[in-house]
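Contents: one structure, followed by commentary.
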Amino acid sequence: MESPAPEGVQFDHFLLTRFNTRLGERASEEWLRHRIRYFESLCRHSVMSQTNKGFRWLIYFDAERDDWFEKEVERLSDGAFEPIWIEGTLTPEKAAAAVANRARAPWVITTRMDNDDAIARDFIDAVQAQFGHEDHQFINFQSGLQLSDKGEVFHRSDPSGPFISLIEKRSSSPLKGVYVGRHDRISEYGPIRQVVAPPMWLQMVHGLNIGNELRGIRAAPELVNQYFDIQLKPVEISKIQLRIGQVVTASKLVAHVLRRPHRVLWVIRVAANRVFGKTS
């Protein structure tokens, strides 16, 4: 029999991250060491700096592992997260089961985050502020930043990004969890509430991250320190360089959309969300 939630606690909040779960072959040692560097300087640092500590962080790892990697996970997890060792492929059901086994409150919030990205220092606070006893509601903060491995900063908007949260009520049915579907198709699984806010997330775009590409408008590097606590520093640029960069990157973004007409729908969604989204 599970122990009840402490009196007055309405929800349990879980931050979820996939580290090296199987998509085929095991991750190489080179990939793991490269990713650990970004994880420690970006992801872990930003999570440990959250103004709100009322959440649990679960990170999913491939159960087939070498000794050196297990020791690294043990070092990094101390006081930060709980490692979940997964046999085979991480399915939505396995990811949700790890949460369900630890949840005690009537509602559960699950938030996804990649292992080489960062969240704003008040991100957890902002997510929990959206709680309103919903049965099944996705939460998306559309505005974020991208940081290149050269230290360049870009504004980025995403109507269905990889930092989405799911509020759901616990019931007799199995918990779904935010990994129920791909983040860019999550609207197929329920309504998304778009929240208008300052940059709430930061994507790191680097050579070994094939899922992301720089598709934003050049931004002032000061925005990183204003909203995020990370150990990587953006490059400084003059106001003239910033304005030139904004013109160039805006032109490239327009050209990119025109070459791919289906992206027009994405632009319309971004614009509509800015007008009709809920303010945090």
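Small disclaimer: the values here were computed from a predicted structure and weren't measured.
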(message) I'd like to know if Glu64 pairs up with Arg26 as an ion pair, taking the criterion as any Lys NZ or Arg NE/NH1/NH2 lying under 4.0 Å from an Asp or Glu carboxylate oxygen.
(response) yes
What residues form a side-chain contact (heavy atoms from CB on, under 4.5 Å) with [X], not counting sequence neighbours?
X     : result
Glu82 : Arg56, Leu58, Ile84, Arg102
Ala95 : Tyr60, Leu90, Tyr179
Thr89 : none

[atom1]/[X] to [atom2]/[Y] distance, rounded to the nearest 0.5 angstrom?
X      : Y      : atom1 : atom2 : value
Arg193 : Ile167 : CZ    : CD1   : 6.0 Å
Gln241 : Glu236 : CD    : CD    : 10.5 Å
Phe61  : Leu32  : CZ    : CG    : 9.5 Å
Cys43  : Phe81  : SG    : CZ    : 9.0 Å
Lys233 : Leu147 : NZ    : CG    : 11.0 Å
Gln146 : Trp201 : CD    : CH2   : 6.5 Å

For [X], is the [atom1] atom crowded, meaning more than 12 foreign heavy atoms sit under 6.0 Å from it?
X     : atom1 : answer
Asp78 : CG    : no
Lys53 : NZ    : yes
Gln10 : CD    : yes

(message) Side-chain heavy atoms under 4.5 Å apart, restricted to Ile/Leu/Val/Met/Phe/Trp/Tyr: what other residues fall into the cluster of Ile240, or is it alone?
(response) Ile244, Val248
(message) Other members of the hydrophobic cluster containing Leu23, with the 4.5 Å side-chain heavy-atom rule, please.
(response) none
(request) Fit a plane to each ring of Phe138 and His136, take the angle between them on a 0 to 90° scale, and name the class: parallel (under 30°), tilted (30 to 60°) or perpendicular (over 60°). (result) perpendicular
Any side-chain heavy atom of [X] sitting closer than 4.5 Å to one from [Y]?
X      : Y      : result
Asp62  : Thr21  : no
Arg112 : Arg18  : yes
Arg170 : Pro106 : no
Val180 : Ile186 : yes
Tyr38  : Leu232 : yes

(message) Within the 3.5 Å criterion, strictly below it, is a donor on Asp117 or Gln203 matched to an acceptor on the partner's side chain?
(response) no
(message) For the residue pair Asn20 / Arg35, report whether a side-chain donor-acceptor contact shorter than 3.5 Å exists.
(response) no
(request) Check step by step if side chain to side chain contact (heavy atoms under 4.5 Å, CB included) holds for Ile119 and Gln50. (result) CA-CA 9 Å; Ile119 49 178; Gln50 288 299 296; 3.5 Å; yes
(request) With Ser165 as reference, evaluate Thr111, Thr110, Asn140 under the side-chain hydrogen bond (donor to acceptor under 3.5 Å, both in side chains) test and give the passing residue. (result) Thr111
Side-chain donor/acceptor of [X] to backbone N/O of [Y], under 3.5 Å:
X      : Y      : result
Gln130 : Gln137 : no
Thr17  : Met113 : yes
Lys169 : Val108 : no
Glu168 : Lys176 : yes

(request) Verify the cluster assignment for Trp85 and Leu76: are they in a single hydrophobic cluster under the rule of side-chain heavy atoms below 4.5 Å apart? (result) yes
(request) Tell me whether the guanidinium CZ or amine NZ of Arg33 lies under 6.0 angstrom from the six-membered ring centre of Trp68 and within 45° of its axis. (result) yes
Please tabulate, for the side chains in residues 217-229, all donor-acceptor contacts under 3.5 angstrom to protein atoms that are two or more places apart in sequence or on a different chain.
unit_1	atom_1	unit_2	atom_2	d
Asp229	OD1	Arg121	NH2	3.0
Asp229	OD2	Arg121	NE	3.2

(request) Please test Glu72 against Arg75 for salt bridge (charged side-chain N to carboxylate O under 4.0 Å, His left out), starting from the C-alpha separation and ending with a verdict. (result) CA-CA 5 Å; Glu72 278 291 86; Arg75 176 183 68 84; 3.0 Å; yes
